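Report on the following structure.
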Amino acid sequence: MSRRLLLWLVPILLTIHNLEEAIVMPAFIEKRNASVQGRLRGIIPPITYKQFLIALVIITVVPYLIALFWLNRKWAAYVLVGLQVVMLINVCAHTLMALFLRGYAPGLITALVINLPFSLYLLKRAVGERWM
């Protein structure tokens, strides 16, 4: 698989993960907002599904713009691989959340099935081939 294709997979696989989150998040947000008690509401304000979707769209679109317009620049590879490192950390966050909830956390399936193996593969290739 070429370096170019690997870097294009970053936004594509991010999209799949974000779709999983978008589909299951409404019920999770409702439970999260209801669980914040009294004084903590000033520190942890409620969020709406619309706010979540806006953030998700921005997070999804920016990597596509980088891949589309600047993929031939060295910094773009660093940004996309860096984003995949964030997704690897996100795997840990989803796993910990699932353990805390004692069940499914939004995004857990794609985090474990897609993001974990792809992140490890991409990082191994980037370091092994010395383009990162």
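What you are looking at is a predicted structure, and each value in this text was computed from that prediction instead of being measured.
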Extract all donor-acceptor atom pairs below 3.5 Å that involve side chains of residues 51-61 and protein atoms in other chains or at least two apart in sequence.
from: Gln51; atom 1: OE1; to: Thr48; atom 2: N; distance (Å): 2.7
from: Gln51; atom 1: OE1; to: Thr48; atom 2: OG1; distance (Å): 3.4
from: Thr60; atom 1: OG1; to: Asn18; atom 2: ND2; distance (Å): 2.7
from: Thr60; atom 1: OG1; to: Leu56; atom 2: O; distance (Å): 2.7

Student check: side-chain heavy atoms of Phe118 and Leu88 closer than 4.5 Å:
no

Look up atom CZ in Arg130 and atom CZ in Arg125, then write down how far apart they are to the nearest 0.5 Å.
15.0 Å

Nearest-0.5 Å distance that lies between atom SG in Cys92 and atom CG in Asn115
11.5 Å

Are Met87 and Leu13 close enough that some pair of their side-chain heavy atoms sits under 4.5 Å apart?
no

Atom pair CH2 (Trp8) and CG (Leu80), whose distance is rounded to the nearest 0.5 Å:
9.0 Å

Can you tell if the side chain of Trp131 reaches within under 4.5 Å of the side chain of Leu7, non-hydrogen atoms only?
yes

Who are the side chain to side chain donor-acceptor pair (under 3.5 Å) partners of Thr110, not counting sequence neighbours?
His17, Glu20

Qualifying side-chain hydrogen bond (donor to acceptor under 3.5 Å, both in side chains) pairs, either residue in residues 71-82, two or more places apart:
Arg4-Asn72

Are Ile89 and Ile109 linked, directly or through other ILVMFWY residues, by side chains that come within less than 4.5 angstrom of each other?
yes

Using side chain to side chain contact (heavy atoms under 4.5 Å, CB included) as the criterion, point out the one residue from Arg3, Gln84, Met1 that pairs with Leu122.
Gln84

Hey, does Asn33 have a side-chain heavy atom less than 4.5 Å from the side chain of Ile47?
yes

Answer yes or no: is there a side-chain heavy-atom contact under 4.5 Å between Val79 and Trp70?
no

Atom pair OG1 (Thr95) and CG (Leu99), whose distance is rounded to the nearest 0.5 Å:
7.0 Å

Please say which of Val91, Leu96, Asn90 ends up in a side chain to side chain contact (heavy atoms under 4.5 Å, CB included) with His94.
Asn90

Does Leu9 reach the side chain of Tyr121, with side-chain heavy atoms less than 4.5 Å apart?
no

Do Leu19 and Tyr49 share a hydrophobic cluster, counting only Ile, Leu, Val, Met, Phe, Trp and Tyr and linking them when any side-chain heavy atoms are less than 4.5 Å apart?
no

Provide the closest heavy-atom pair for Pro63 versus Leu14 in the form atom of the first, atom of the second, distance.
CG-CD2, 3.8 Å

